[in-house]
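Encoded as structure tokens, the structure appears first; notes follow it.
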Amino acid sequence: MIRVRFAPSPTGFLHVGGARTALYNYFYAKHYGGKFILRIEDTDIARSTRESEQMVLDSLLWLGITWDEGPDVGGQYGPYRQTERINIYKEYAKKLMDTGAAYEVYASAEEIKVLHENLMNAGKAPHYSKEMFKVYDTPERRDDFEKKGIKPAIFFNMPRKEYSFNDGIKGEIKFKKGSLGDFAILRSNGFPTYNFAVVIDDMLMKITDIIRGDDHVSNTLKQLAIYEAFDAEIPNFAHASTILGPDGKKLSKRHGATSIEDFKMKGFLPEALDNFLALLGWSHPEGKDIMSISDMIDNFSIDRMNSSPAIFDETRAKWINGHFIREESIDRITELSIPYIVDSGLMTYSQAESNLKWLKKAVDSVRKGVLTISEIPEKLKVYFDEVEPSLIDCSDEKSREIAVCLKNMTEMMENMDAWNPKEIIDLVKKALKVNKPDRKGFYSCLRKVLTDQDEGPELVDIIFLLGRTKVMNRIDKAAGKL
RNA sequence: GCCCUCAUCGUCUAGGGGUCUAGGACACUGGCCUUUCACGCCGGCGACCGGGGUUCAAAUCCCCGUGAGGGCGCCA
């Protein structure tokens, strides 16, 4: 049974990079009929909050990602929040101490920092060893620690040997002997460090495959050594490339929208964002650009993942989003656009509710020209704005003909029985036949008269949705007495 | 300083020794369709980081260089 996990730190919004990792894990689990585990890595107590955790969960759910085991749904390998697993880490750190694979360090965090700086300044690799810490391990210090109730940190005795693993994306990765020194696994506050907690959890939660960002490639060395110390089976690793900003630097807040929440608010559809994110480092075997979630699940494989970093291009994301907006059911697009419409002041929720049928048609008439849901209200304005058309200048024959034709149209309109797009088309065509004005001129004049704009939805839609009274009034005003 | 990774059009990518005068998509651009814009359709522009090898043959394999990213934290 394939078991994968997504392990976010609840220190803020879920970012696109994390979301993409979650997506890959989700696709992988679904593709192989495995389990997707959600684990919260909240050992950085200073930055972790329950609010952030909830935001991350909400974003995941919004993207359509669900989990089989997690802090909210439980599971047989819980708890799924690292702060609730402290005793487990202590227990396993103890095991390592018993075998000599780990040891206590009586130096303070500050002293270690100094040690680090000194090594760096001397042009040496900042690698610690048991020997280096020995000077701090005096009976006086032990007494002192005891008196103050401080616990020593626990460091892992890193074997000075070569390590390697086969990465599903990058191939074989080798670490030379002595690439790393000893490192902390348990802090003096009793909390585990990242690299230790990850391994213990993945081991105990029986994770078989780890798909994560390639900023963890180097960390794998530490993790490999810990697995080895426990004589545990090493999972398969696959390190996905980093997502970069348009300037080629690692994507961060200064690049603008980077959280899933941002994109949700900008009017992206979750499946469009999924599609876009998935394509940032993975490609469909048939080279498809637009695909459904089930298509991605069916065709997902680690072989098709790309090892080079990808730049986040919002233009492309919007293009995909526009595609989904055009293809989705009008019911859903309308539903999604209502909050934006209300926000823009065009309608209230209750107005939207009672005019839903009309609204759907209006939204449908503008969706083609839109890339995000948030652009819809702006396009919808033509149906709400009060227009005071000015008198058509009939000084030349051409314009006069157009004005006459418009006038004829209103007269015919008065006698129309049914008010629907089909009848409107017929009526316009009929009116055009009477005195045959310049067609192109007629249409653009009609648009100008009705909306005071040069572009917008199709004219039939505008006439139909504006309604007979408004259309007739506006034409009357523009055509004048003649 | 040490270690690891990456490198194909502006962007996302396909391609992993001959099928590559390098394919697709976004963007840009020309045209068609259309009442305008958009959508759609048809075209155009546009790339194998540099240098050495290996080979009959290199975008593809190897080495060096360069550039970029990451790690070497009692951050994750």
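Residue numbering restarts at 1 for every chain, and letters A, B, ... go by the order of the sequence lines. Note: hydrogens, waters and symmetry copies are ignored here, and every other heavy atom, side chains too, is used.
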Would you say the side-chain atoms of [X] and [Y] include a donor-acceptor pair closer than 3.5 Å?
X: T372(A); Y: N321(A); answer: no
X: Q223(A); Y: T220(A); answer: no
X: S292(A); Y: D295(A); answer: no

**Message:** Within the 4.0 Å limit for protein heavy atoms, which parts of nucleotides 4-9 of chain B are touched? Write it as a string from 5' to 3', B for base, S for sugar-phosphate only, - for none.
**Reply:** SSSS--
**Complete:** In B/S/- notation (B base, S sugar-phosphate only, - none; protein heavy atoms under 4.0 Å), nucleotides 36-46 of chain B written 5' to 3' is BBBSS------
**Message:** What residues from residues 422-431 of chain A pass a heavy-atom cutoff of under 4.0 Å to RNA chain B?
**Reply:**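 Of all residues in residues 422-431 of chain A, none places a heavy atom under 4.0 Å from RNA chain B.
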So what does [X] touch, heavy atoms closer than 4.0 Å: a base, only the sugar-phosphate, or nothing?
X: G281(A); answer: sugar-phosphate
X: A310(A); answer: sugar-phosphate
X: A7(A); answer: nothing
X: N219(A); answer: base
X: H239(A); answer: nothing
X: K288(A); answer: nothing
X: R304(A); answer: sugar-phosphate
X: I112(A); answer: base
X: F196(A); answer: nothing
X: A109(A); answer: base

**Request:** Validate the cation-pi geometry between K130(A) and F133(A): distance from NZ or CZ to the six-membered ring centre under 6.0 Å, angle to the ring axis within 45°.
**Result:**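 Not flagged: K130(A) not positioned over aromatic ring of F133(A).
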**Prompt:** Which residue, R20(A) or D42(A), contacts RNA chain B at a nucleotide closer to its 5' end, judged by nearest heavy atom?
**Reply:** R20(A)
**Item:** S108(A) or F276(A), whichever maps to the more 5' nucleotide of RNA chain B
**Value:** F276(A)
Between [X] and [N], is there a contact of a side-chain N or O with OP1 or OP2 at under 4.0 Å?
X: H127(A); N: rC72(B); value: no
X: R187(A); N: rC75(B); value: yes
X: T43(A); N: rA76(B); value: yes
X: T193(A); N: rC74(B); value: no

Expressed in whole Å, how much space separates the [atom1] atoms belonging to [N] and [M]?
N: rA22(B); M: rC63(B); atom1: P; answer: 28 Å
N: rG71(B); M: rC26(B); atom1: P; answer: 35 Å
N: rG43(B); M: rC6(B); atom1: P; answer: 37 Å
N: rG31(B); M: rA68(B); atom1: P; answer: 42 Å

**Request:** Would you check, one step at a time, whether the test side chain to side chain donor-acceptor pair (under 3.5 Å) holds for Y194(A) with N219(A)?
**Result:** CA-CA 10 Å; Y194(A) 169 76; N219(A) 286 327; 5.2 Å; no
**Request:** Starting from the C-alpha separation in whole Å, work towards a yes-or-no answer on side chain to side chain contact (heavy atoms under 4.5 Å, CB included) for K361(A) and T334(A).
**Result:** CA-CA 9 Å; K361(A) 292 201 166 78; T334(A) 306; over 6 Å; no
**Polar pair under 3.5 Å, donor/acceptor by atom type, side chain D215(A), base rA76(B)** = no
**Asked** Between the side-chain atoms of R47(A) and the base atoms of rA76(B), is any donor-acceptor pair under 3.5 Å?
**Response**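 Per atom types, no contact qualifies.
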**Asked** Is any side-chain N of the basic residue among E131(A) and K134(A) closer than 4.0 Å to the acidic one's carboxylate O?
**Response**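 Salt bridge present between E131(A) and K134(A).
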**Message:** Looking at D289(A) and R316(A), is there a salt bridge between them, counting it only when a charged N and a carboxylate O are closer than 4.0 Å?
**Reply:**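 So R316(A) pairs with D289(A) through a salt bridge.
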**Request:** Both distances under 3.5 Å, Watson-Crick or G-U wobble: report the partner of rC74(B), or none.
**Result:**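 Base partner found: none.
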**Request:** Give none if rC41(B) has no partner; otherwise give the nucleotide forming a Watson-Crick or G-U wobble pair with it, both distances under 3.5 Å.
**Result:**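 Check on rC41(B): paired to rG31(B), both distances under 3.5 Å.
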**Request:** Name all residues meeting the side chain to side chain contact (heavy atoms under 4.5 Å, CB included) criterion together with K470(A); count only those two or more places apart in sequence or in a different chain, and write none if there are none.
**Result:** E386(A), L466(A), R474(A)
**Item:** Under the side chain to side chain contact (heavy atoms under 4.5 Å, CB included) test, residues paired with D438(A) that sit two or more places apart
**Value:**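 Scan of D438(A) (side chain to side chain contact (heavy atoms under 4.5 Å, CB included), adjacent residues dropped) gives K398(A), K440(A).
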**Item:** Side-chain donor/acceptor of R367(A) to backbone N/O of E328(A), under 3.5 Å
**Value:** yes
**Pairing residues for R447(A) by the side chain to side chain donor-acceptor pair (under 3.5 Å) criterion, not counting sequence neighbours** =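 If we apply the side chain to side chain donor-acceptor pair (under 3.5 Å) test to R447(A), skipping adjacent residues, there are no hits.
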**Message:** By the definition ring pair (Phe, Tyr, Trp, His ring centres under 6.0 Å), identify the one residue from F324(A), F268(A), F263(A), F312(A) that meets it with F276(A).
**Reply:** F312(A)
